[in-house]
Protein chains: 2
Amino acid sequence: MSEALPSVPRKRRKSARPGEIVEAAAQSFIEHGYAGTKLDDVARRAGIAKGTIYLYFAAKQDLFEAVIRDTLEPLISGVETMVDSYDGATDILLQMVITKAYENIVKSDARHVMRIIIGEGHKFPELRELYYETSIKHGVALISRVVQRGVDRGEFRPGPATQNPRLIMAPCIMAAIWSMTFDEFAPMDIDSFMAGHLDVMLNGLRA
Amino acid sequence: MSEALPSVPRKRRKSARPGEIVEAAAQSFIEHGYAGTKLDDVARRAGIAKGTIYLYFAAKQDLFEAVIRDTLEPLISGVETMVDSYDGATDILLQMVITKAYENIVKSDARHVMRIIIGEGHKFPELRELYYETSIKHGVALISRVVQRGVDRGEFRPGPATQNPRLIMAPCIMAAIWSMTFDEFAPMDIDSFMAGHLDVMLNGLRA
DNA sequence: TGCATTTATGACCCATCGGTCATTAACGCA
DNA sequence: TGCGTTAATGACCGATGGGTCATAAATGCA
């Protein structure tokens, strides 16, 4: 009954494969989560057989690690570069950083990686740690630097928000979660939410 | 080889079962997440056989729905009662509500239910909706009421935080997530975080 | 006490999926 | 053109776990 499917001719692409596999895996993880992603599906998306994945990645978990790195590293380093090369008023800088944070997290696929870490990271401390080291740690440090810069220059006054940068990032994280979880029941206008977020923070910080 | 384990005598407890099963399920869901929870494990915790679960719940998903209801309804109605019966200054009321929110979410098992909805709710719109209706919707409405009360009484001035109550809850949600996900890499002192949260919000709101 | 009814049991079924490996085919060098 | 090397394949394996159901035990009523 089963006609032998005309199997596609093989291609040997040792150097291009890893990137293609990670790209396919990212899509699948985003759509189905960690446990929900099938290696067969990743292979199909990458146009290869399942076994081929194992020529480049030892296990599913390694694949997800690669997705974390490939997705997050460019985003973080982009913001870091921006901060390093800026030398105007700090309130404008903070505004730029927060705007970028919404672009990088709330409006990008990176939020799905975060969702997976939150929801399924329980049993994978190594993945959680990698995510923390790759993303969260840098984000917190970045906000700290910006806020400290404002205080040092006399533009911001010390207070709870300068002491705990996580207070400043919180609305951004929540917006990302909301957009993935509750948007169909109570839609959130990201831009006006972000404007409110900025307003509250800057009013609390300005000297 | 396998000695027949001395099977425990059966007990018929039609009315007590559902509660016991939900209780056991809650523990298992909290420890292992939705997909990670095995009905066999739930049964063992409840001291019954797996088949017995199906006398009271049609499927795993119904069990999780019962957990959502049992866990969240009492918490929300507790806060609602508190707000309804208070008649002092609104900043104190908001402080009470936020403090209760940390107790109910960040410091309680309810945060794990939230984590499951965020992380695994993707494929279960009914569960997401139930969570929204049972918990989030009431939480947002409650904050709105408190803030509106402050504005009406001239204690708060209108601004972004009065317009979007989600800005006020955000740090609490983030603290819950942080405590479950990143605490081992960067511990968070909940009480000082909450104090900072209150400080920022009240400063932004007071007329 | 005997029997009908209801509740409880757990072996079993079957679909799923991560990971393996013997086989095959593409490649490039001589 | 032939051959050794190595990338690629996909059938297969074994573990897992949600859900089923024939069987058995508890209960309570007559």
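Quantities reported herein were computed from a predicted structural model and do not represent experimental measurements.
Contacts with DNA chain D (heavy atom under 4.0 Å) in residues 19-29 of chain B: none are found. Less than 4.0 Å separates DNA chain D from at least one heavy atom of each of the following residues of residues 34-61 of chain A: A/Ile48, A/Ala49, A/Gly51, A/Thr52, A/Leu55, A/Tyr56.
Taking the side-chain hydrogen bond (donor to acceptor under 3.5 Å, both in side chains) definition, one finds that A/Lys100 meets it with A/Glu103, sequence neighbours left out. With sequence neighbours left out, B/Asn104 forms a side-chain hydrogen bond (donor to acceptor under 3.5 Å, both in side chains) with no residue at all.
Ion pairing between a basic and an acidic side chain is recognised when a charged N comes within 4.0 Å of a carboxylate O; B/Asp41 and B/Arg44 show such pairing. Under the 4.0 Å criterion applied to side-chain N and carboxylate O atoms, B/Asp191 and B/Lys107 are assigned as salt-bridge partners.
When the C1' atom of C/dT9 is taken as reference, atom CZ of B/Arg17 falls 11 Å away, rounded to whole Å. In this structure, B/Asp62 places its CG atom 13 Å from C1' of D/dG19, rounding to the nearest Å. What separates CG of A/Leu63 from P of C/dC17 is a distance of 16 Å, to the nearest Å.
Ring orientation note: the planes of A/Tyr131 and B/Phe182 are close to parallel, at an angle under 30° on the 30°/60° scale. Taking the six-membered ring where the residue is Trp, B/Trp178 and A/Tyr132 present perpendicular rings, their angle passing 60° and hence far from 30°.
Contacts classified as salt bridge (Lys or Arg N to Asp or Glu O under 4.0 Å) and involving residues 65-81 of chain A (residues at least two apart or in different chains) are given here: A/Glu65-A/Arg69.
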Step by step, work out the side chain to side chain donor-acceptor pair (under 3.5 Å) result for B/Ser179 and B/Arg111. CA-CA 9 Å; B/Ser179 75; B/Arg111 69 194 163 146; 2.7 Å; yes
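The minimum heavy-atom distance between A/Asp109 and A/Gln27, with the atom names listed, is OD2-NE2, 4.1 Å.
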Per-nt protein contacts along nucleotides 25-30 of chain C (heavy atom under 4.0 Å; B base, S backbone sugar-phosphate only, - none) come out as SBS---
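Not one N or O on the side chain of A/Asp199 forms a donor-acceptor pair closer than 3.5 Å with the backbone of A/Ala195.
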